[in-house]
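Quick caveat, the model's predicted, so the values are computed rather than measured. Computed from heavy atoms alone, side chains included, the values below leave out hydrogens, waters and symmetry copies. In what follows, every chain begins at residue 1, and chains take the letters A, B, ... in the order their sequences are listed.
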Protein chains: 2
Amino acid sequence: MEKIDRRVLRTRALLRDALIALILERGYDELTIQDITNKADLRRATFYLHYRDKEELLLATLAESFNTLVREMESLIGSDALAGKTQLAAFLITFRHAEAQHRLYSVILNGQSGVVVAQHIREYLVRLLLGALHNTPPEQLALPAEVLAQYIAGAELALLTWWLNAGMPYSAQQMAEMTQRLILHGVADVLPLPKNTP
Amino acid sequence: MEKIDRRVLRTRALLRDALIALILERGYDELTIQDITNKADLRRATFYLHYRDKEELLLATLAESFNTLVREMESLIGSDALAGKTQLAAFLITFRHAEAQHRLYSVILNGQSGVVVAQHIREYLVRLLLGALHNTPPEQLALPAEVLAQYIAGAELALLTWWLNAGMPYSAQQMAEMTQRLILHGVADVLPLPKNTP
DNA sequence: GCGTTATCGTACAAAATGTACGTTAAAATA
DNA sequence: TATTTTAACGTACATTTTGTACGATAACGC
């Protein structure tokens, strides 16, 4: 653990806070580096001592917020990876996390941001899922692990994104339950479908 | 049907082709309007006679390519919306369509593009699905139609995006089948799971 | 053929970017 | 506390891209 100059930490925190405040005010795309450093009360040149561009700052900011979720998730998975209760808990953690920072995340996931943060989040989820799937031998899987991971991550993120954009019309608990139900059993027992499935 | 000056059609086609060629060469983000008009052998000022910015051109270009898919899909749905065979065909159409233009789509969906085209595509899919679901009375649905549509669209797009980025390691047919299976029945019968589902 | 108008050719102002460098002041260290 | 280190300031400058303007030219529709 290297020691970092307090001034550096302070500057980065100011930039992070300014970015979040401005994203909520005007959306990510509109912002210039000048805007951000103005809000943070720093010189524009100072920005370049820390980040190459707007995107790098955004990703660093997101990574910070995301680390909380990662830690919770990993301590949870430590117990027993694929049990039904654990799954529900994992979904619930995710929805609660997004709820707590919904103003930021709804802008980000929305794709208002030029940067595709959702992609990064999806990649993290996929890695997490592949790790969990790695414990079970591949011959027990009827489909490739990669496909399963992409499916689960994609479905969850789609529901999460919609939920935020729609103004969170259901509770995090309800969303977690619906998400688990759909990912586990699909739409077959939810829709009145003809039963000619291959 | 208004008649459009042939010069206008020609110019827009040139811009569209230049955009696609340059995206494949260097990625969307790198491009300036000057680059595009250079490639198209047009004046930069001419660009602004047709589109407000890069994004508007991209969306128009995508819409064009997308219309093919839309027409196929709508004629398919005309028959009987939710039958198993129809579902599989719908997935297959989508994967084949993406396959035919995979170089463009893999760049676009990847999120290399600053614009979140995936969002637009998802929105279209959701609208299509909501239309299909509208025929069935809501009290027969165990979950809100909106949630179901978001789930299906999200899962399909996730698998499609992954497939393209991974270099299409399976056939479109295989992908359509896996997608249908997962969306219909989830992961429960694919994973060796404990059976304590709520 | 004749009126219409899309595109050309060129120009200009404004905004944002990326970098440079001496100065100031806060932090780390001894 | 004294000294060294260095982050941030303050300012400047070249470059790139953008958006718009406008008369001239040539292709188009009728």
N/O donor-acceptor pairs under 3.5 Å from side chains in residues 15-25 of chain A, not counting sequence neighbours:
unit_1: A:R16; atom_1: NE; unit_2: A:E64; atom_2: OE1; d: 3.3
unit_1: A:R16; atom_1: NE; unit_2: A:E64; atom_2: OE2; d: 3.0
unit_1: A:E25; atom_1: OE2; unit_2: A:K39; atom_2: NZ; d: 2.7

Quiz item: Hey, does the side chain of B:T46 come within less than 4.0 Å of C:dC8's phosphate (OP1/OP2), counting only N and O?
Solution: yes

Quiz item: With ILVMFWY side chains joined below 4.5 Å, transitively, what does A:L49's cluster contain besides itself?
Solution: none

Quiz item: Is the backbone of A:A158 close enough, under 3.5 Å, to the side chain of B:Y151 for a donor and an acceptor to pair up by distance?
Solution: no

Quiz item: Which residues satisfy the side-chain contact (heavy atoms from CB on, under 4.5 Å) test with B:L14, sequence neighbours excluded?
Solution: B:R10, B:A40, B:L42

Self-check item: Residues clustered with B:L92, ILVMFWY side-chain links under 4.5 angstrom
Solution: none

Quiz prompt | Counterpart residues, side-chain contact (heavy atoms from CB on, under 4.5 Å), relative to B:Q101 (two or more places apart) | solution = B:S65, B:H97, B:L104, B:Y105

Quiz prompt | Results of ring-ring contact (aromatic ring centres under 6.0 Å, His included) for A:F91 - residues two or more places apart only | solution = none

Quiz item: Reckon B:H50 has a side-chain N or O less than 4.0 Å from the OP1 or OP2 of C:dT7?
Solution: yes

Quiz item: Hey, what else clusters with A:L9 if you join Ile, Leu, Val, Met, Phe, Trp, Tyr whenever side-chain heavy atoms sit under 4.5 Å?
Solution: A:I4, A:V8

Exercise. State which residues pass side-chain contact (heavy atoms from CB on, under 4.5 Å) with B:R43; sequence neighbours excluded, sorted by chain then number.
Key: B:T46

Practice problem: Starting from the first five and the last five pairs of the helix from C:dG1-D:dC30 to C:dA30-D:dT1, work out the angle between the resulting helix axes, to 10 degrees. | Solution: 50°

Quiz prompt | Start and end of chain B contact along DNA chain D [non-hydrogen atoms, under 4.0 Å] | solution = D:dT17 to D:dC30

Practice problem: For each nucleotide in nucleotides 17-30 of chain C, reading 5' to 3', give B when a protein heavy atom comes within less than 4.0 Å of its base, S when such contact involves only the sugar-phosphate, and - otherwise. | Solution: BBBB-----BSS--

Exercise. Would you please name every residue forming a ring-ring contact (aromatic ring centres under 6.0 Å, His included) with A:F95, sequence neighbours left out?
Key: A:W163

